[in-house]
Amino acid sequence: MTAPKASTRAMAPNPTAGDGGSAHAAATVPVVAVDGPAASGKGTIAEGVAAVLRFHRLDSGALYRLVAWRALESATPLDDAPALAALARLDARFDADRVTAGGHDVTAALRGEDVSAAASRVAVHPAVRAALTERQRAFRRPPGLVADGRDMGTVIFPDARLKVFVTASPAERAARRHKQLIAKGISVTLESLLREIEARDARDAGRSAAPLAAAPDAVTLDTTGVAPGASIAAVLELCRARGIEPARE
Ligand code: DC
């Protein structure tokens, strides 16, 4: 089975400003939370599920990546929590699958390995996480939201209708990342990627603020050796079981 194409509504339109809607109205909007470690396949699954359901999508890692990218650009130390939190509060646009900051399309820049490593370092600071909390919740808009990250089901959307925790072996995750980077013409060794993934896992799971962890009510999905289409189908089946149906066109 082939993975469905990404939805053109992959992300909510610039949800940085408050929309004046009531918190209660937002709370009735169904959320599918997809958490998991780096390169576990959660982004691909979230994208495929959002496309089929015609829901909005939040790639929460992109927000941490944006803070990291800004820190690297401005030479802000990655341990200066107040300065990083100020960077997290700066405006940005999240349209479809493009991220625009300061008038520049930074989508490709955010995927670099230097930004990946820095994102996991800025994400340890509670002040940074707090600065991004409401911004993430603002993505919850009708007809629904598929949100992926590390703490979607535990902290940001604890009332999500469905919580999935996606895993895969470190070796498989490193191999997937290797394939993606080679396809983009970026030369890296499998060994260095495996070391980087293991270091990121340790940092993401070991931090005290919102560590990477499955919510007690999450369904764990091990994608080792599983094709993306099959993982997407499995999550859609869980959605159906929870009464989450595709939105009407
Ligand atoms: O999902 P990703 O690889 O794009 O995330 C980049 C980093 O951001 C990741 O190493 C940890 C951090 N992150 C986080 O702490 N909480 C989230 N909800 C999403 C990402």
Side-chain angles (χ1 to χ4, degrees), residues 10-11 15 31-47 50 57-72 78 81 84-85 87-88 92 94 97-99 101 106-140 145-158 160 163-168 170 173-174 176-178 180-181 184 188 193-215 218 223:
M11 277 186 165
V31 174
V32 178
V34 184
D35 289 305
S40 57
K42 63 186 185 318
T44 305
I45 293 173
E47 202 169 280
R57 172 159 180 250
L58 164 62
D59 165 10
S60 62
L63 277 75
Y64 290 93
R65 286 171 181 274
L66 182 58
V67 178
W69 177 78
R70 282 178 165 148
L72 296 176
L78 299 179
L84 295 169
L87 294 180
F94 292 83
D97 52 0
R98 316 295 317 163
V99 184
V106 296
T107 317
L110 297 190
R111 307 320 304 179
E113 286 305 298
D114 52 340
V115 175
S116 299
S120 126
R121 292 181 58 195
V122 305
V124 303
H125 303 296
V128 171
R129 306 197 72 84
L132 294 176
T133 299
E134 285 315 313
R135 184 171 271 200
Q136 292 174 86
R137 291 187 178 143
F139 278 80
R140 186 176 198 169
L145 175 69
V146 182
D148 74 274
R150 305 293 187 288
D151 60 347
M152 298 297 98
T154 50
V155 176
I156 305 298
F157 302 110
K163 300 177 187 180
V164 181
F165 192 78
V166 183
T167 63
R173 292 189 280 130
R176 286 178 189 166
R177 191 49 56 91
H178 190 244
Q180 285 167 358
L181 293 174
K184 281 196 230 158
V188 276
L193 281 175
L194 183 57
R195 273 198 304 277
E196 170 58 24
I197 277 184
E198 286 175 339
R200 249 202 316 149
D201 281 0
R203 216 167 21 233
D204 292 348
R207 68 182 178 224
S208 52
L212 168 70
T223 66

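Start at 1 and go down the list; that is how both ligands and their atoms are numbered. Just the heavy atoms: all of them, side chains too, but no hydrogens, waters or symmetry mates, feed the values below. This is a predicted model, so every value here is computed, not measured.
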So R207 and R129, do their side chains get closer than 4.5 Å, heavy atoms only?
yes
Which N or O atoms of ligand 1 sit under 3.5 Å from a protein N or O, and how far apart is each pair?
unit_1	atom_1	unit_2	atom_2	d
ligand 1	1 (O)	K42	NZ	3.3
ligand 1	1 (O)	R150	NH1	2.9
ligand 1	3 (O)	R65	NH2	3.0
ligand 1	3 (O)	R150	NH2	3.4
ligand 1	3 (O)	R200	NH1	3.1
ligand 1	4 (O)	R65	NE	2.6
ligand 1	4 (O)	R65	NH2	3.3
ligand 1	10 (O)	R200	NH1	2.9
ligand 1	10 (O)	D204	OD1	3.4
ligand 1	10 (O)	D204	OD2	3.0
ligand 1	15 (O)	R129	NH1	2.8
ligand 1	15 (O)	R129	NH2	3.4
ligand 1	15 (O)	R207	NH1	2.8
ligand 1	15 (O)	R207	NH2	2.9
ligand 1	16 (N)	R129	NH2	3.0
ligand 1	18 (N)	S60	OG	3.0
ligand 1	18 (N)	R150	N	3.1
ligand 1	18 (N)	D151	OD1	2.8

Show your reasoning for whether salt bridge (charged side-chain N to carboxylate O under 4.0 Å, His left out) applies to R137 and E134.
CA-CA 5 Å; R137 291 187 178 143; E134 285 315 313; 3.3 Å; yes
What closest approach, in Å, do A168 and S40 show between heavy atoms, and which atom pair accounts for it?
CB-O, 4.3 Å
Can you sort out the partners of R65 under salt bridge (Lys or Arg N to Asp or Glu O under 4.0 Å), two or more places apart, ordered by chain and number?
none
Does the side chain of D204 reach to within under 4.5 Å of the side chain of P37, using non-hydrogen atoms?
no
Smallest heavy-atom separation, Y64 atom then V122 atom, equals O-CG2, 3.8 Å
